[in-house]
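We count ligands from 1, going down the list as the structure has it; atoms in each ligand are counted the same way.
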Amino acid sequence: MTSDVGKTLAGMGNVTNPLVRQMIDALPVAIYLTDAEGRLTYFNEAAAALSGRVPQLGVDQLCVTWKSFLPDGRPLPQHECPMAIALQGGDVTPGLEYLAERPDGTRFWFAAYPAVIRDAQGQITGGINLLVDITARKKAQIEAEAAASSLSAIVDSSDDAIISKDLNGTITSWNKGAERLFGYTAEELIGKSITLLIPPDRQNEEPEILARLRKGERVDHFETLRRRKDGTLLDISLTISPVKNASGQIIGASKIARDTSETKRAERNNRLLSAIVDSSDDAIISKDLNGTIMSWNSGAERLFGYPAAEAIGMSVMTLIPEDRLDEEPRILGRLRRGERVDHFETVRRKKDGTLLDISLTISPVRNAEGAIIGASKIARDITERKRAEAEIRRVNQDLEQFAFSASHDLQEPLRNIKLYSELLSRRYGDKFEGEALEFLGYLSAGATRMEMLVRDLLAYSQVTARQESTGETDANEVLAQTLSILAPTISQAGAEVASDLLPSVRIHRTHLQQLFQNVIGNAIKYRGHEPPRVHVTAARQLGYWVFSVGDNGIGIAREYHDHVFGLFKRLHNTAEYAGTGIGLAICKRIVEQYHGRIWVESELGKGSIFRFTLPV
Ligand code: ADP
């Protein structure tokens, strides 16, 4: 092509022909000529205007422009400029686009159409270049490209599925959102029918949608079901708009599909939750931070006797008896701080004025931003429980009273039996013989044992009798005191009782002493062949202490580990080991009174470790 132009222009020389020259000057395109070395020999008005400067003939090389750049912004090297290539006899694609800068800093785009001029022998004698100003078109193109790329970025980054299809329902575009939502890639679906996404029982929807689109109508927020690649169904909301070509003809549709499964699930959850709230036997109420009742379930209707219509909008104060009105501000204060109130036992008033014992659990309710806007309240009727608890307390007290007076009152006749059996043996012992003496022996042994039982039972019944609040008790002191009481037993058995440094605990002194005395006493009593070795330690756990009393005694078979803590439960008869079977029952009662636990870790013949927990 270049060579053709070259031929046509051959012989034109340096545009000496005035007619041609006039013609070129008048042309609205920039034109310039060079000699075979590329030196500028001629330029027209339009070339000076376009380049924004007056080129210097014989000095300027190859180009009239001041500074030229490749489309990517890099400076155009001289040897790469189209005129240089043409003059070297190279092939130059006509219309290559470049950017140039004028001396005043303004920039313009141009397309270059260089050609060489040859003489009759075909020798290159010069070149001619035509520069067409394409700035306007280029700008529009750049803007359109930017707009298109930002649009496609929007489409691609959208969480919604954005799809386009033609009027036959064939998919023509498929964004990332659509890939995520439906599980198909763009390659899989472009060119396929949109009906692939439609569940069989909804296939009739597509023709209807297409018919509306053909009429130029838009389909807004159409809620339906679509099928994912894996076959699962999706709740979606569709917005479909017709797509028109430049002449306004409808050629397809754009479709925005939004996954509404979450919303649907939330709606279902809400329905489920409100069904639960409604069917609950507990009163479930919500109130705002002024104490105005906002919701009221049927449990609340039953419990308080107000129908929802009456209760909603009412102040919760209506439910509070006069002597407890100060509770509400305190509860509201805690709620405002974001705290929860758990199992708060109080009294509320029903519509008919009767009082109810209730347990309240109140939690702050927050809005989407996390600000506390009110409270939910679960009220449980505990009137029955309170009555039962009071009944149990009364029965327990009666039993304790009975055990106390029984054991107390038994002491006197017992003392008499002991006293007179001793008198009998002292004064008339020499008159008795054989069986009579033997019977007398049984009588006094029985009385002694009965005395022990009565004493221990009394101790057992008195465990709960001491309920005054307790301060800190130094376990080291109590242990020392216990060991001095047990001193005769210890020395008699040749026992050794060691202990680590013990903590102070919140338990009544006497109770701790009873615990130590029973457990250490047993450790010595239930010894094996070795002299007893007893070790007392305490370890801190979260919120409590675990005391351990270990021994090297006869041990306890696993199946009796719970049994030994029962009242009168013994593993041996009195002939083997003296005892009443009450000691560990007393220990259990004491420990449980402080919400602790007592247990034994042991194996027959391998010693025992008795452990109990006490509050810090
Ligand atoms: P008692 O010692 O008066 O029989 P306890 O209630 O103190 O009653 O103990 C119940 C039973 O548990 C005891 O009869 C004994 O069989 C068993 N026992 C308690 N302590 C130990 C121990 N350190 N080693 C082995 N057995 C024990």
* **ring pair (Phe, Tyr, Trp, His ring centres under 6.0 Å) partners of residues 399-452, not counting sequence neighbours, each pair once** =>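 Counting only pairs at least two positions apart or across chains, the ring pair (Phe, Tyr, Trp, His ring centres under 6.0 Å) contacts touching residues 399-452 are Phe404-His408.
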
* How would you list, by chain and number, every residue that makes a salt bridge (charged side-chain N to carboxylate O under 4.0 Å, His left out) with Glu328, sequence neighbours excluded? ->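 Only Lys287, Lys377 meet the salt bridge (charged side-chain N to carboxylate O under 4.0 Å, His left out) criterion with Glu328.
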
* Output all residues satisfying salt bridge (charged side-chain N to carboxylate O under 4.0 Å, His left out) with Asp160, sequence neighbours left out; order by chain, then residue number. =>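 Here the qualifying residues are Arg258.
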
* To do: Describe, in one word, how the ring planes of Tyr577 and Tyr526 are oriented to each other, choosing from parallel (under 30°), tilted (30 to 60°) and perpendicular (over 60°).
  =>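 Judged by the thresholds at 30° and 60°, the geometry between Tyr577 and Tyr526 is tilted.
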
* May I ask you to establish whether Arg589 and Tyr460 are in a cation-pi arrangement, using a distance under 6.0 Å from NZ or CZ to the six-membered ring centre and at most 45° from the ring axis? =>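 So Arg589 does make the cation-pi contact.
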
* **Near ligand 1, at a heavy-atom separation below 4.0 Å: residues by chain and residue number** =>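 Residues near ligand 1: Asn522, Ala523, Lys525, Tyr526, Asp551, Ile554, Gly555, Ile556, Val564, Lys569, Arg570, Leu571, His572, Gly579, Thr580, Gly581, Ile582, Gly583, Leu584, Ser608, Phe610.
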
* Asked: Is it the case that more than 12 heavy atoms not belonging to Gln541 sit under 6.0 Å from its CD atom?
  ->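 Atom CD in Gln541 is packed in, count exceeds 12.
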
